[in-house]
Amino acid sequence: MFALLQLLANWLARLGLGRRDTTASGQLSDAAQAWELCAEPLLWSLWMPGVRDVLDARRPPRSGARYPVALRNRGGRLGLASGDGPAHIQIEQWEPPVHFAWRLLVGKAFEEYDVRLLGDRLEATARGGESALVVISELERQSRP
């Protein structure tokens, strides 16, 4: 009975998160370093929402590539969990050095993210997961000189 209630709770959480689109923009102190964080799969765990570890980071990013990942625990929030199945990052668009769009896939559930670098300004969109502001602030924090 408890397992059934947990499945229902996860489904309701995903339903609510799936409808929420967020956008944000922010100034970067080092745009080149921020793009380097995007271009290197080994560094994705530093800033990507939900990603604890990239399990196959040897390949460079390209549109259509899929990377298996281990998920980070997200305290106080229902949603994607490592028990829901294998997790992957699916790169939707890769246009260096200005555009990176990806999906975090876990079983049948997913979160979508999109970042665009416009000079020293970063614009982000997020759907179904963490806020776009979280993506921007993590990239800014990790790319500070």
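All of these numbers come straight from a predicted model, not from anything done at the bench.
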**Request:** Please indicate whether R59 has more than 12 foreign heavy atoms, meaning atoms of other residues, nucleotides or ligands, lying under 6.0 Å from its CZ.
**Result:** yes
**Asked** Between Y67 and W102, is the ring centre distance below 6.0 Å?
**Response** no
**Prompt:** How long is the span from the CD1 atom in I89 to the CG atom in L105, to the nearest 0.5 Å?
**Reply:** 7.5 Å
**Asked** What distance separates L46 CG from L139 CG, expressed to the nearest 0.5 Å?
**Response** 10.0 Å
**Item:** Same cluster (ILVMFWY, side-chain, under 4.5 Å), I91 and V135
**Value:** yes
**Item:** Residue pair P145 / Q33, side-chain heavy-atom distance below 4.5 Å
**Value:** no
**Asked** Is L133 reachable from L104 through a run of I, L, V, M, F, W or Y residues, each pair having side-chain heavy atoms under 4.5 Å apart?
**Response** no
**Message:** With rounding to the nearest 0.5 angstrom, report the CD to OG distance, E95 to S63.
**Reply:** 6.5 Å
**Spacing of L37 atom CG and S45 atom OG [to the nearest 0.5 Å]** = 10.0 Å
**Prompt:** Closest heavy-atom contact between V54 and P41?
**Reply:** CG2-O, 3.3 Å
**Message:** Just so I know, are the side chains of D114 and H99 near enough to count as touching, which here means a heavy-atom distance under 4.5 Å?
**Reply:** yes
**Item:** W35: partners by ring pair (Phe, Tyr, Trp, His ring centres under 6.0 Å), with sequence neighbours left out
**Value:** W94
**Prompt:** Which value, rounded to the nearest 0.5 Å, describes the distance between Q27 atom CD and L122 atom CG?
**Reply:** 10.0 Å
**Asked** Which pair of non-hydrogen atoms, one from E123 and one from S25, has the smallest distance, and what is that distance?
**Response** CG-CB, 3.8 Å
**Prompt:** Is a donor on one side and an acceptor on the other found under 3.5 Å between the side chain of T22 and the backbone of A132?
**Reply:** yes
**Prompt:** Of the non-hydrogen atoms in A124 and V115, which two are nearest, and what is the gap between them?
**Reply:** CB-CG1, 4.0 Å
**Request:** Indicate the atoms forming the closest heavy-atom contact of R72 with V51, along with that distance.
**Result:** NH2-O, 2.7 Å
**Fill in**
In short, Y113 meets G129 closest at the heavy-atom pair OH-CA, 3.5 Å
**Request:** Could you tell me the separation between the CE atom of M48 and the CD atom of E111, rounded to the nearest 0.5 Å?
**Result:** 11.5 Å
**Prompt:** So which heavy atom on A87 is nearest to which on V106, and how close?
**Reply:** CB-CG2, 3.8 Å
